[in-house]
Amino acid sequence: MNKKFKRAGATLALLLVGAAGAAGSLAYLQNQSATVTNTFTAVSGLIDSKDGVFTLDETKVKWDKETGNYVADTTATEKVIDNTYDNILPGLQDVMKDPTVTLKKVTADSYLFVTVKETDDDNALTWAIDDTNWIALMKDGKQVTKDGALVYVKKDKVAEGTENLSVPVLKDNQIDFGNFGEQLAEGTNLVFNSYLTQSTGFTDAADAWSNTYGKTTANTPATPEAGA
């Protein structure tokens with residue numbers, strides 16, 4: 001790290017968010033990771049209501065003064081749904097960021113989607129999807145988007161009865177920064193959502209997305225059970 005770089009005073013908030021719910025009057029089974037806890041119960045049938053799990057979370061990180069980078073916070077007992085990076089320097093590489101989707105007790109063959117939305121006016125933030133697990137969801141030769149977020153789908157369907165499946169979102173569980181000058185744009189962030197939709201009745205993942213979370217009308221949110 002070039003010590004001549006000045007510390008950026010801005011705060012980089014990289015968030016994982018979502019809202020649980022089934023899609024209006026649609027009969028398709030689907031789940032979307034929940035806001036706040038990103039932990040889910042089977043309000044619409046795709047996750048076993050007793051033992052099922054659908055989460056999107058990440059390791060809590062802390063700034064390591066000696067290395068000038070972010071590392072896992074070994075004092076944290078649980079994963080978190082957001083991390084704030086407030087000591088970002090120009091040119092900082094290999095910054096730890098490991099958002100992961102976890103599934104347990106899936107009740108039907110399903111498509112798993114993740115969306116990534118970046119707000120970065122300076123183009124300083126660099127990341128890549130974990131292409132061993134995810135591919136861009138394409139339609140008419142273009143990658144599908146949702147509210148400005150890029151949509152990816154897990155390469156293989158999630159099989160009925162799946163137990164303890166963990167799928168990293170970012171390649172190498174890291175992000176990098178280029179030379180953004182002395183100040184990183186305020187409000188720079190990276191936002192993740194995950195979605196689960198039955199595969200039965202659809203021709204492919206794009207068809208499933210188009211008829212559920214890709215519809216222009218908003219899904220009707222449902223409140224997860226206590227403890228979600």
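Everything numeric here is computed off the predicted structure, so don't read it as measured data.
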Exercise. What do the steps show when you test I175 against T126 for side-chain contact (heavy atoms from CB on, under 4.5 Å), and what is the final call?
Worked result: CA-CA 6 Å; I175 52 178; T126 301; over 6 Å; no
4.5 Å side-chain heavy-atom contact, [X] and [Y]:
| X | Y | result |
| --- | --- | --- |
| P168 | D98 | no |
| L190 | V116 | yes |
| V101 | F54 | yes |
| L103 | L112 | yes |
| I135 | V153 | yes |
| V158 | D109 | no |
| F202 | T197 | yes |
| E58 | V80 | yes |

Under 3.5 Å donor-acceptor, [X] side chain and [Y] backbone:
| X | Y | value |
| --- | --- | --- |
| T75 | D73 | no |
| Q93 | F177 | yes |
| K117 | D147 | yes |
| K79 | P99 | no |
| N83 | V61 | yes |
| T162 | A159 | yes |
| S166 | T102 | no |
| K105 | V53 | no |

Closest contact, heavy atoms only, [X] versus [Y]:
| X | Y | answer |
| --- | --- | --- |
| K154 | V167 | CE-CG2, 4.0 Å |
| N87 | Y70 | N-OH, 2.9 Å |
| A108 | L46 | CB-CD2, 4.0 Å |
| G52 | I47 | CA-CG2, 3.3 Å |
| W127 | L170 | CE3-CD2, 3.8 Å |
| M96 | A72 | SD-N, 3.5 Å |

Problem set entry | Stepwise side-chain contact (heavy atoms from CB on, under 4.5 Å) test for K97 and Q174 | CA-CA 5 Å; K97 184 73 176 172; Q174 68 181 42; 5.9 Å; no
For this session: Give me the ring orientation class for W209 and Y195: parallel if the planes are under 30° apart, tilted from 30 to 60°, perpendicular past 60°.
Result: perpendicular
Problem set entry | side-chain contact (heavy atoms from CB on, under 4.5 Å) evaluation trace for V169 with D130 | CA-CA 6 Å; V169 176; D130 180 0; over 6 Å; no
Give, for atom [atom1] of [X] and atom [atom2] of [Y], the distance between the pair rounded to the nearest 0.5 Å.
| X | Y | atom1 | atom2 | result |
| --- | --- | --- | --- | --- |
| K171 | I129 | NZ | CD1 | 11.5 Å |
| Q143 | L150 | CD | CG | 4.5 Å |
| D94 | D172 | CG | CG | 8.0 Å |
| E78 | T59 | CD | OG1 | 12.5 Å |
| Y111 | Y213 | OH | OH | 15.0 Å |
| M138 | D204 | CE | CG | 12.5 Å |

For this session: Dump the intermediate steps for side chain to side chain donor-acceptor pair (under 3.5 Å) on D207 and S210, then the final yes or no.
Result: CA-CA 5 Å; D207 183 37; S210 296; 5.8 Å; no
Exercise. Between W134 and F113, is the gap from one ring center to the other below 6.0 Å?
Worked result: no
